[in-house]
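Report on the following structure.
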Amino acid sequence: QEQLVESGGGLVQAGDSLRLSCAASVRTFSTHVMGWFRQVPGEEREFVAQIMPLGEMKSYGDSVKGRFAISSDNAKNTVYLQMNSLKPEDTAVYYCAAGTRWRATVSSSDFGSWGQGTQVTVSS
């Protein structure tokens with residue numbers, strides 16, 4: 001089983017920035033689409049961002065466009081999620097995921113491997 005490990009979550013104020021990291025195996029990072037999702041208790045898991053293995057394609061969920069940026073570092077086998085202008089509604093557990101195929105319209109079912117999640121809390 002491929003292992004994904006998220007880090008970087010925490011408690012911040014509205015308007016602040018935060019960067020999440022997801023460390024993956026060499027195999028996973030080089031051959032899979034990497035993505036970020038988030039989930040609030042009692043709600044559906046929401047797509048946040050995804051990136052192609054070489055970084056040539058990126059896409060974002062509508063709720064985070066213009067504020068979040070996904071990037072990757074192949075030397076470190078790590079994908080990042082830079083979150084700017086954070087809002088209280090961004091509060092959620094953020095999950096890193098790996099998928100086998102790029103889809104312009106993405107859902108959680110497109111990703112077969114998941115990390116354990118990291119909590120992001122934004123106070124007003």
Side-chain angles (χ1 to χ4, degrees):
Q1 194 71 237
E2 298 291 345
Q3 186 175 37
L4 304 173
V5 181
E6 304 99 330
S7 62
L11 174 63
V12 298
Q13 297 181 347
D16 283 356
S17 296
L18 200 62
R19 188 180 73 163
L20 306 182
S21 299
C22 174
S25 68
V26 173
R27 177 181 175 180
T28 296
F29 192 82
S30 63
T31 62
H32 287 69
V33 174
M34 302 298 296
W36 287 97
F37 290 77
R38 65 187 184 185
Q39 188 168 26
V40 176
E43 299 185 8
E44 295 290 320
R45 186 165 295 187
E46 178 187 16
F47 167 68
V48 175
Q50 64 177 338
I51 187 170
M52 290 284 282
L54 298 178
E56 69 272 29
M57 290 287 291
K58 305 173 184 178
S59 70
Y60 299 90
D62 290 339
S63 64
V64 304
K65 286 181 179 178
R67 297 190 298 121
F68 291 9
I70 189 170
S71 62
S72 61
D73 185 339
N74 57 358
K76 293 181 170 63
N77 302 319
T78 300
V79 62
Y80 304 96
L81 183 68
Q82 178 66 45
M83 304 183 293
N84 299 318
S85 301
L86 284 164
K87 306 173 181 179
E89 50 263 46
D90 294 318
T91 295
V93 176
Y94 284 71
Y95 296 91
C96 180
T100 59
R101 182 183 178 187
W102 178 268
R103 293 182 182 273
T105 301
V106 65
S107 67
S108 60
S109 63
D110 297 318
F111 293 79
S113 298
W114 297 83
Q116 294 300 306
T118 184
Q119 176 71 46
V120 173
T121 302
V122 184
S123 63
S124 60

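This structure is a prediction, so every number in the text was calculated from the model and none was measured.
Note: the hydrophobic cluster containing Val79 does not contain Val106 (ILVMFWY, side chain heavy atoms under 4.5 Å, direct or indirect links). Put simply, Val33 and Leu4 are part of two different groups of oily side chains (I, L, V, M, F, W, Y) that touch within less than 4.5 Å, one to the next. Cluster annotation: Ile51 and Trp114 are assigned to distinct hydrophobic clusters (Ile/Leu/Val/Met/Phe/Trp/Tyr, side-chain heavy-atom contacts under 4.5 Å, transitive). Taken together through direct or relayed side-chain contacts under 4.5 Å among Ile, Leu, Val, Met, Phe, Trp and Tyr, Leu18 and Tyr60 form part of one hydrophobic cluster. In the hydrophobic clustering of ILVMFWY residues, with side-chain heavy atoms under 4.5 Å counting as a link, Tyr95 and Val48 come out apart.
Smallest separation of non-hydrogen atoms from Tyr94 and Leu81: CD2-CD2, 4.1 Å. Residues Ala98 and Met34 come closest through the heavy atom pair CB-SD, 3.9 Å. For the residue pair Ala14 and Pro88, the shortest heavy atom distance occurs at CB-CD, 4.1 Å. When all heavy atoms of Gly35 and Phe111 are compared, the closest pair comes out as N-CE2, 3.7 Å.
For the atom pair OG1 of Thr100 and CG of Asp110, the computed distance is 8.0 Å after rounding to the nearest 0.5 Å. Here the CD-CZ distance, from Glu44 to Arg38, works out to 14.0 Å after rounding to the nearest 0.5 Å. To the nearest 0.5 Å, the span separating CG on Asn84 from CZ on Phe68 amounts to 8.0 Å. Atom OG of Ser109 is separated from atom CZ of Arg45 by 12.0 Å, given to the nearest 0.5 angstrom. Atom CE of Met83 and atom CD1 of Ile70 lie 12.0 Å apart (nearest 0.5 Å).
Two residues are said to be in side-chain contact when any heavy atoms from C-beta on lie closer than 4.5 Å; Val120 and Leu20 meet this criterion. Side-chain contact between Glu6 and Ser21 is absent, with no heavy atoms from C-beta onward closer than 4.5 Å. The shortest side-chain heavy-atom distance between Ser17 and Gln82 falls under the 4.5 Å cut-off. A 4.5 Å side-chain heavy-atom check between Val93 and Thr118 finds every atom pair outside the cut-off. Contact annotation: the side chain of Val40 never approaches that of Thr91 to less than 4.5 Å [non-hydrogen atoms, C-beta and beyond]. Side chains of Trp102 and Met52 form a contact here, defined as non-hydrogen atoms less than 4.5 Å apart. Residues Trp36 and Gln50 fail the side-chain proximity criterion, which asks for heavy atoms closer than 4.5 Å.
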Kindly determine whether Thr121 and Gln119 satisfy side-chain hydrogen bond (donor to acceptor under 3.5 Å, both in side chains), including the steps that lead there.
-> CA-CA 6 Å; Thr121 302; Gln119 176 71 46; 3.3 Å; yes
Please assess Ser25 against Gln3 for the test side chain to side chain contact (heavy atoms under 4.5 Å, CB included), listing each intermediate value before the final yes or no.
-> CA-CA 7 Å; Ser25 68; Gln3 186 175 37; over 6 Å; no
Applying ring-ring contact (aromatic ring centres under 6.0 Å, His included), run through Phe37 and Phe47 and close with a yes or a no.
-> CA-CA 5 Å; Phe37 290 77; Phe47 167 68; 5.7 Å; yes
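The main-chain N or O of Arg27 is found under 3.5 Å from a side-chain atom of Thr31 such that the two form a donor-acceptor pair.
Side chain to side chain, Arg19 and Tyr80 fail the donor-acceptor criterion of an N or O pair below 3.5 Å. Judged by distance alone, the side chains of Ser123 and Gln13 never bring a donor and an acceptor atom under 3.5 Å apart. Using a 3.5 Å distance cut-off with no hydrogens or angles, the side chains of Glu46 and Ser63 do pair a donor with an acceptor. In this structure, a donor-acceptor pair under 3.5 Å is absent between the side chains of Thr78 and Asp73.
With respect to Lys87 and Asp90, no salt bridge is recorded, no charged nitrogen being found less than 4.0 Å from a carboxylate O.
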